[in-house]
Amino acid sequence: MSDFPPHSEFTHMHALNQVEHSELLWFSCVFTILSLIAATWVGGGYINGTAESVYLPGSGLAWAQAPFGYALSLVVGGLFFAKPMRSRGYVTMLDPFQQLYGERMGGLLFIPALLGEMFWSAAILSALGATLSVIVDININMSVVISALIAIFYTLVGGLYSVAYTDVVQLFCIFIGLWISVPFALSHPAVSDIGVTAVNTVFQSPWLGEIDPSEGWMWADNFCLLMLGGIPWQVYFQRVLSASSASYAQVLSFLAAFGCLVMAVPSVLIGAIGASTDWNQTSYGPVPPVEKDESDMILPIVLQHLCPPFVSFFGLGAVSAAVMSSADSSILSASSMFARNIYQLAFRQSASDREIVWVMRITIFVFGALATAMALLTGSVYGLWYLSSDLVYVIIFPQLLCVLFIKGTNTYGSVAGYVFGLLLRVGGGEPYLRLPPFIYYPGWQTRQKEQRLTQEVERFVEQRFPYKTVSMLASLLSNAVFSYVAKYLFESGTLSPKYDFLDAVVSRHSKETMDKTTLVTHDNIILSELAAVQPRHGGSVAGTFLNTDVLIDEDHMSPESSAEHQ
């Protein structure tokens, strides 16, 4: 008798194997994309910056806003932005801007997007440099340069594959490496009960921190910056746009938000451990890290000096790998935007694929060098973290709202919103970059910071008014108001069409004036090919100003058909 099962049973088993294989493949694909979206924010700057904020006296958990802010940014992005961006078939985040406002305006919007990526990469490199300087005991500036060279090299070699593979692996490295280290650090004799130090002053002020009523508006301003400024990023949308559908992109964004919060827990605990340690009883020495201006290195310091050698080695290695894998995605996203939206669309429409690849390689090196310079300029990982979302929040976020959800905005409004937002934000100054303000908002104060090693006193202006959010709202309103004013002036005949130098209103390429006409591909427009523009009567105010088309389910629409709804 044959040892093989009957044919019907064999066929049934084969079918079950195929189902199990397809389910396993589907689960692995979903987990991979989920890991990539969560890895948008969970990286070296995320874990090191959170630990630094919790550890710092006078800051504490109350001011560690990034885990909650970036988690909510994924929720808001999934609710409102993932579906219209994914269903319309965009390639990069700048595509909708260039489609509506033109290539030149897309080039201007690339600047704050680039600066955001550079500050984010700088935070990552600063975190990696701090980790390496603890591991191999070298100067932190040298370790930052070495880290940057390694990150640039494998990004050049690996490209998109280096992002895909390392981002999935990094979450395992962070989760396992840190959670193995936390119990050993907690049980060290020099560490007091973190429950006691959370609310009582033992070695320094309580690590829970507090929000002074006079700083409430500043806290809310920074939180809105992280929550809404964490949405318009190419590093996020390149993962959303790679999802199989808009619905999957939404669901995965929600799950990734939960993952961001979970991954922040060990960093919070390590920051609390650092604030609860009598460093005189450790191999680190009697002077606490905060008095050596090494607060940004608290996570690797805790792993190095409060854990057994084998645990320390494993934890620091995991953190280093995780930090390294975050640098490539940020640098690669900036270079991909430049290669497609600036070089190819604005200057070289006929560029070959090989040429685009070489442009990306060159810009990877250039942007990596710029991020390295920024990492050396400012030492705080958490400060760089805030700066990365700053201009993105003030300039790009209101532009994205307008291009997706507000009807009738044009290039004139976009330029006005850009200028107003930039002027109000830069006018408030930036202490991290030693940029003095020329606009003094209500409630400003002069503060001073003493460098503990050099005894040098640095004075700066602290703006307690929520001027970043005010700058964002001014940019949003300026875009809408100037767009409608320009539209009225040109379409009413108040201004001659020859003054429409941006081709944004009365040009035959303008979507507003060609609403009911037949677009032709040749240069001469034949009168018989045109249909009369029918005036719109009635309708609600919301329908007049809001682009409700983005709220419909477009999962099964092609990019061509969905373009008609824009």
Side-chain angles (χ1 to χ4, degrees), residues 35 38-57 59-74 120 123-124 126-131 134-135 167 170-186 188 191 194-195 197-198 206-209 223 226 230 256-277 289-290 294-307 311-312 314-326 380-386 388:
S35 301
T40 301
W41 299 125
V42 180
Y46 187 87
I47 59 176
N48 284 52
T50 300
E52 176 190 352
S53 179
V54 174
Y55 168 71
L56 276 174
S59 176
L61 183 62
W63 288 88
Q65 299 173 309
F68 302 99
Y70 283 133
L72 284 177
S73 77
L74 290 172
W120 181 254
I124 295 169
S126 180
L128 182 58
T131 305
V134 170
I135 297 175
D167 279 353
Q170 79 162 357
L171 295 183
F172 287 103
C173 292
I174 295 175
F175 192 79
I176 296 175
L178 293 185
W179 274 116
I180 288 178
S181 306
V182 165
F184 289 96
L186 279 172
H188 193 279
V191 179
I194 62 174
T197 57
W207 60 265
L208 276 183
F223 187 79
L226 293 173
F258 176 74
C260 279
L261 290 177
V262 172
M263 298 299 292
V265 173
S267 293
V268 171
L269 292 175
I270 289 176
I273 291 170
S276 308
T277 301
V290 67
E294 293 182 349
S295 300
D296 57 320
M297 302 165 59
I298 189 62
L299 188 141
I301 287 174
V302 167
L303 297 182
Q304 177 79 356
H305 297 282
L306 300 181
C307 297
V311 175
S312 173
F314 187 83
L316 289 171
V319 171
S320 300
V323 174
M324 183 73 74
S325 69
S326 302
S380 173
V381 176
Y382 212 73
L384 287 167
W385 211 1
Y386 273 101
S388 65

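Pairing each heavy atom of H305 with each of H188, the nearest pair is O-NE2, 4.0 Å. Closest of all the heavy-atom pairs between Y46 and A264 is OH-CB, 3.5 Å. Residues A64 and V54 come closest through the heavy atom pair CB-CG2, 4.0 Å. Looking at every heavy atom in both residues, A185 comes nearest to V302 through CB-CG1, 4.0 Å. Of all non-hydrogen atoms in G209 and A62, the two that sit nearest each other are C-CB, 3.9 Å. Across V290 and P57, no two heavy atoms sit closer than the pair CG2-CD, 3.8 Å.
Without hydrogens or angle criteria, S59 side chain to S53 main chain gives a donor-acceptor distance under 3.5 Å.
Here the CG atom belonging to L56 is positioned 4.5 Å from the OG atom belonging to S295, to the nearest 0.5 angstrom. In this structure, CD1 in I301 is found 5.0 Å from CD in E294, a value given to the nearest 0.5 Å. Atoms OG and CG, on S267 and N48 in that order, are 7.5 Å from each other to the nearest 0.5 Å. Separation of atoms OH (Y55) and CG (D296) is listed at 11.0 Å; rounding is to 0.5 Å. Atom CG of L303 and atom CG of L299 lie 5.0 Å apart (nearest 0.5 Å). Of the inter-residue distances, the one linking F68 atom CZ with T50 atom OG1 reads 9.5 Å to the nearest 0.5 angstrom.
Side-chain polar atoms of W207 and T197 form a donor-acceptor pair below 3.5 angstrom.
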Q: Check step by step if side chain to side chain contact (heavy atoms under 4.5 Å, CB included) holds for I273 and L186.
A: CA-CA 7 Å; I273 291 170; L186 279 172; 3.7 Å; yes

Q.
side chain to side chain contact (heavy atoms under 4.5 Å, CB included) for W179 and V265? Distances and angles first, verdict last.
A. CA-CA 9 Å; W179 274 116; V265 173; 3.7 Å; yes

Q: Just do the side chain to side chain contact (heavy atoms under 4.5 Å, CB included) check on I298 and I270 with the steps written out, would you?
A: CA-CA 8 Å; I298 189 62; I270 289 176; 5.6 Å; no

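Here the side chains of S181 and F184 are not in contact, with every heavy-atom distance at 4.5 Å or above.
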